[in-house]
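Scroll down for the structure; my scribbles are underneath it.
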There are 2 protein chains.
Amino acid sequence: MNLETALDRLKEKGYKRTKQRERILEIFVKQDHYIAAKDILKKIQQDFPGVSYDTIYRNLYLLTEEEILEATELGGEKHFRLGCGTHGHHHHFICTTCGKTKSIEFCPMDKVQGLNGYDIENHKFEIYGKCPQCS
Amino acid sequence: MNLETALDRLKEKGYKRTKQRERILEIFVKQDHYIAAKDILKKIQQDFPGVSYDTIYRNLYLLTEEEILEATELGGEKHFRLGCGTHGHHHHFICTTCGKTKSIEFCPMDKVQGLNGYDIENHKFEIYGKCPQCS
DNA sequence: ATTTAATTCGTAATCATTATTATTTACAAA
DNA sequence: TTTGTAAATAATAATGATTACGAATTAAAT
């Protein structure tokens, strides 16, 4: 997903195009890593010294809601990355050093049995380790 | 795992048997639910009004380290349950209402391909939803 | 009973996240 | 272009989970 596509999608829903929002998106479009909220803040502060956590979280959640970003919890902190919406539901290997990810096309839910009577809402499958560059 | 087995295992490693530690273990032995740290605190306070968070977390982490408990993150909070060490590596369905779990014997790592050159350290597979009683 | 290291208590600090209120801004319509 | 208005932001403050720390207590080995 590129910057303009994302901003257009927001516009359709009636959300405004702000410099901060644009800048947040730019950061994600540039790399397919999971990034912690506080690291986003740091990067944005280079352009907007006064930007507040409120702005960061509000936008990260909005973008996740709109399925432009994907969220996960790593080490007790929420992390975000640009969604990989194009190639359907999948999972990730996540490098614990640099945060870079690799898509895993296989979804274990296809193979799970024995949950008759259970109301399944969600699932999480992630693999952690070092990518070839970091290991 | 029962109380005495767990306490014996700690003793072997040189850890002392304290009332607080015993009480924490009792709680976990009684039920196979994931419990939040703060809920453990509440329960312990019934017997030891002055117990501190320090004691709770120190023990929960110790017990997890010693593989007596298992930990996971639910809704931004660390939750703990008695380990299911006896029947080998497996995963869980976790009820988002009551915390009760159901074991999933299938492990997706057996089926994953395409990670040559990646150093795999860990993985997480959990299914969330409502158990038959809560749905 | 004495000793000693482990453990706990009581409290404060930290860190991520959420909430609040006043101000500013995007943008559509006049 | 100006104006009206809802959306968005800034600048805190508040919350809630977790971690840290010094002093006091305790388990258990000798």
Side-chain angles (χ1 to χ4, degrees), chain A residues 3-4 6-27 34-66 68-69 71-80 99, chain B residues 3-4 6-27 34-66 68-69 71-80 99:
Chain A
L3 189 64
E4 289 306 321
L7 286 165
D8 286 350
R9 207 196 286 186
L10 289 179
K11 191 169 190 176
E12 277 169 31
K13 295 288 193 78
Y15 298 110
K16 292 179 180 171
R17 174 172 188 145
T18 67
K19 298 184 292 290
Q20 294 86 341
R21 200 163 271 170
E22 206 170 310
R23 190 72 192 80
I24 289 172
L25 273 168
E26 274 172 20
I27 290 167
Y34 272 107
I35 311 176
K38 65 161 178 277
D39 292 326
I40 297 294
L41 181 73
K42 271 185 217 150
K43 284 176 200 280
I44 304 283
Q45 279 179 331
Q46 294 167 7
D47 298 322
F48 305 96
V51 76
S52 72
Y53 262 114
D54 183 83
T55 299
I56 299 300
Y57 279 106
R58 188 165 20 75
N59 281 304
L60 291 177
Y61 290 156
L62 169 67
L63 293 169
T64 304
E65 195 69 29
E66 294 301 320
I68 292 167
L69 297 184
T72 193
E73 191 121 5
L74 298 171
E77 283 179 66
K78 292 189 180 75
H79 285 62
F80 301 83
Chain B
L3 190 63
E4 290 306 321
L7 285 165
D8 287 349
R9 206 194 289 187
L10 288 180
K11 192 171 188 175
E12 279 169 30
K13 296 286 193 79
Y15 298 109
K16 293 178 179 172
R17 175 170 186 144
T18 67
K19 298 187 292 292
Q20 294 88 341
R21 202 164 269 170
E22 207 170 308
R23 191 72 193 80
I24 289 173
L25 273 167
E26 274 173 19
I27 290 167
Y34 272 106
I35 312 176
K38 64 161 181 281
D39 293 327
I40 298 295
L41 181 74
K42 272 186 217 152
K43 284 175 200 281
I44 305 285
Q45 279 179 330
Q46 294 167 9
D47 298 321
F48 305 96
V51 76
S52 72
Y53 262 115
D54 184 82
T55 299
I56 300 299
Y57 279 105
R58 190 166 19 76
N59 280 305
L60 291 177
Y61 289 157
L62 170 68
L63 293 169
T64 304
E65 195 69 30
E66 294 301 319
I68 292 166
L69 297 184
T72 193
E73 189 119 7
L74 297 172
E77 280 179 70
K78 292 189 178 72
H79 285 62
F80 300 84

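Just so you know, these numbers use all the heavy atoms, side chains as well, and skip hydrogens, waters and symmetry mates. Below, chains carry the letters A, B, ... as their sequence lines are ordered, and counting in each starts from 1.
- Note on A:A36: nothing from the nucleic acid sits closer than 4.0 angstrom, heavy atoms only.
- A:E26 has a carboxylate O that lies under 4.0 Å from a charged side-chain N of A:R23, or vice versa, which qualifies the two as a salt bridge.
- Contact annotation for B:D54: base contact, defined as any heavy-atom pair under 4.0 Å involving a base atom.
- Residue B:G14 is the one, among B:P49 and B:G14, whose nearest nucleotide of DNA chain C lies closer to the 5' end (criterion: closest heavy atom).
- For D:dA8, neither phosphate oxygen OP1 nor OP2 lies less than 4.0 angstrom from any side-chain nitrogen or oxygen of A:R58.
- Looking only at side-chain heavy atoms (C-beta outward), A:K38 and A:E77 come within less than 4.5 Å of each other.
- Remark: A:Y61 is in phosphate contact with C:dT18, judged by side-chain N or O atoms under 4.0 Å from OP1 or OP2.
- Per the geometry, NZ belonging to B:K38 stands 15 Å off P belonging to D:dT19, to the nearest Å.
- Phosphate proximity of C:dT25 to A:Q20: absent, as no side-chain N or O sits under 4.0 Å from OP1 or OP2.
- B:T18 has a side-chain polar atom (N or O) that falls below the 4.0 Å cut-off from OP1 or OP2 of C:dT8.
- Between the OH atom of A:Y15 and the C1' atom of C:dA26 there is a distance of 16 Å, rounded to whole Å.
- The phosphate of C:dA26 has OP1 or OP2 within less than 4.0 Å of a side-chain N or O from A:K19.
- Between A:S52 and D:dT9 there is no side-chain N or O to OP1 or OP2 distance below 4.0 Å.
- Between the B:T55 side chain and the B:V51 main chain, no donor and acceptor come within less than 3.5 Å of each other.
- Between A:K16 and D:dA7 there is no side-chain N or O to OP1 or OP2 distance below 4.0 Å.
- One interatomic measurement links the two molecules: CZ of A:F48 to C1' of C:dT25, which rounds to 13 Å at whole-angstrom precision.
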